[in-house]
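Notes follow the structure.
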Amino acid sequence: MQEKRNVQIIEWEDLDKKKFYSFGVFMTMTIRAGVYPATLIRTRLQVQKGKSLYSGTFDAFFKILSSEGVRGLYRGFLVNTLTLISGQAYITTYELVRKYVSTYTSNNTVKSLVAGGSASLVAQSITVPIDVVSQHLMMQGQGGDMGRFKVNAKGVQPAKHKMTFGQTRHIIIQIFTTDGFRGFYRGYVASLLTYIPNSAVWWPFYHFYAEQLSNLAPTNCPHLLLQAMAGPMAATTASTITNPMDVVRARVQVEGRSSVIETFKQLIAEEGMWGMTKGLSARIISSTPTAIVMAVGYETLKKMSLRPELVDSRHW
């Protein structure tokens, strides 16, 4: 027996898959372009020692914009767009696992928890190498002293046509030369420990908040509005819970550490529990619009991808 809910959930079997993937790529690319500057700022804040360069999110934003321009806020973005692959893998895994788990239980919290965690496991296996390269690119410019690898010797600027792919090539060569293939999966365990719980927590809280809001809202309130509110509420909850491991993950990947536990201990010893909150405001700032766009975009995407014969039978 299906769980009765005020806010209807479109399941995998209800979708036209061609529409779903075509619209999904465009939606994912738009989201990533919009929130990338906040991701870059968060990474620099997490990697810096204490407040050696930036005092906070807004200070970092204005310093980067002033000294590096808008381009500085998008360092490593082209490499990061390869995560479109992992994005499609994520949503496919999420929907398929939800469908599989539904054969054992109709409880939406269980389905969301298991599917969210499984989707993140698959996506991170694709994303981590891309993240390792893009994060080192993020560290160039003002953040250059915080990363292990440099693309320019003695501050010499490469020719303009080499700026994008030349820097990426230099970083890839340095990672491989120093650490071998394993270097591209540095921080993999930390990433799993960060993003699997984050994803597993986000989806149940998202559906929970949407349902609770629907109980408080007028009966004629659009479900899309409730979902737009539930998205950032779930993102804030998940970000707060998982931020300590996100700080450790960034340190492991950028500084070349090998031990998650030792990195955690050193961070506590040097900066105390306050160090666990580093980058949290930037993370919430980046995750809030992402969650709104993701919730609205994903729900709209699923409505647009609904099989034609089901359109008239659904009420939103």
Side-chain angles (χ1 to χ4, degrees), residues 31-70 72-77 80 83 120 127 131 134-135 137-143 145-147 187 190-191 193-202 205-206 209 228-255 263-264 266-296:
I31 293 173
R32 292 192 185 283
V35 304
Y36 191 80
T39 302
L40 181 143
I41 290 169
R42 183 192 80 203
T43 302
R44 289 196 183 182
L45 287 172
Q46 290 177 334
V47 172
Q48 74 171 355
K49 301 293 185 182
K51 296 184 178 180
S52 56
L53 188 57
Y54 309 115
S55 62
T57 300
F58 292 104
D59 180 57
F61 174 79
F62 289 115
K63 280 183 177 177
I64 294 169
L65 193 61
S66 175
S67 64
E68 302 176 50
V70 174
L73 293 169
Y74 280 89
R75 289 184 183 275
F77 178 68
N80 194 260
T83 54
S120 188
T127 299
D131 269 351
S134 65
Q135 284 178 341
L137 288 170
M138 289 177 189
M139 290 298 106
Q140 307 310 310
Q142 278 189 323
D145 293 337
M146 294 186 284
S191 290
L193 293 175
T194 300
Y195 291 114
I196 288 180
N198 189 81
S199 179
V201 168
W202 191 89
F205 272 109
Y206 167 63
Y209 287 136
M229 295 169 64
M233 291 171 68
T236 299
T237 303
S239 294
T240 302
I241 293 171
T242 61
N243 195 71
M245 188 51 66
D246 194 39
V247 177
V248 173
R249 175 195 60 81
R251 291 280 178 100
V252 168
Q253 290 181 333
V254 175
E255 296 180 352
T263 302
F264 181 82
Q266 184 175 353
L267 184 62
I268 292 292
E270 291 178 353
E271 305 186 44
M273 292 303 297
W274 184 252
M276 295 290 98
T277 67
K278 297 186 74 168
L280 178 58
S281 60
R283 194 175 180 204
I284 291 174
I285 288 170
S286 67
S287 67
T288 296
T290 303
I292 294 173
V293 174
M294 181 177 173
V296 173

Assess whether side chain to side chain contact (heavy atoms under 4.5 Å, CB included) is satisfied between D131 and N80, documenting all intermediate values. CA-CA 7 Å; D131 269 351; N80 194 260; 3.8 Å; yes
Worked check of side chain to side chain contact (heavy atoms under 4.5 Å, CB included) between Q46 and N243: CA-CA 10 Å; Q46 290 177 334; N243 195 71; 4.0 Å; yes
Under 3.5 Å, side chain of T263 to main-chain N/O of V252, donor-acceptor pair present? no
Could I get the full list of side chain to side chain contact (heavy atoms under 4.5 Å, CB included) partners for S281, not counting sequence neighbours? T57
Between the CD atom in Q135 and the CZ atom in R44, the distance rounded to the nearest 0.5 Å is 12.0 Å
Using a 4.5 Å cut-off on heavy atoms from C-beta on, say whether the side chain of L193 contacts that of V248. no
Check whether the side chains of R283 and T242 place a donor and an acceptor atom closer than 3.5 Å, and report yes or no. yes
What are the two closest non-hydrogen atoms of P232 and A228, and how far apart are they? CD-O, 2.9 Å
State, with a plain yes or no, whether a side-chain heavy atom of K278 is found less than 4.5 Å away from one of E271. yes
Under a 4.0 Å N-O cut-off, is there an ion pair linking D246 with R42? yes
Ignoring hydrogens and angles, state whether a donor on the side chain of Y209 or T237 is under 3.5 Å from an acceptor on the partner side chain. yes
Provide the closest heavy-atom pair for A291 versus A235 in the form atom of the first, atom of the second, distance. CB-CB, 3.6 Å
Looking only at heavy atoms, which two atoms of A282 and L45 are closest? And how far apart? CB-CD1, 4.1 Å
Heavy atoms only: give me the nearest A60-Y54 pair and the separation to one decimal. CA-CD2, 3.5 Å
Which heavy atom in A33 sits nearest to a heavy atom in P37, and how many Å separate them? O-CD, 3.9 Å
Look at the aromatic rings of F77 and Y74 and report parallel, tilted or perpendicular, splitting at 30° and 60°. perpendicular
Begin from the C-alpha positions of Y206 and M233 and carry the test side chain to side chain contact (heavy atoms under 4.5 Å, CB included) through to its verdict. CA-CA 7 Å; Y206 167 63; M233 291 171 68; over 6 Å; no
Using a 4.5 Å cut-off on heavy atoms from C-beta on, say whether the side chain of M245 contacts that of F264. no
So, are K63 and E68 salt-bridged, with charged N and O less than 4.0 Å apart? no
If I take atom OG1 from residue T43 and atom CE from residue M138, how far apart are they, to the nearest 0.5 angstrom? 4.5 Å
To the nearest 0.5 Å, what is the distance between CG on L280 and CD1 on I285? 9.5 Å
Separation of I41 CD1 from F58 CZ (nearest 0.5 Å): 9.0 Å
Just how far is it from atom OH of Y36 to atom CG of L73, taken to the nearest 0.5 Å? 10.0 Å
Using modelled atom types only, decide if a donor and an acceptor are shared between the side chain of N198 and the backbone of T194 within a distance under 3.5 Å. no
Search all heavy atoms of S239 against all heavy atoms of I284 and return the closest pair with its distance. CB-CG1, 4.3 Å
Here the gap from T236 atom OG1 to I241 atom CD1, rounded to the nearest 0.5 Å, amounts to 11.0 Å
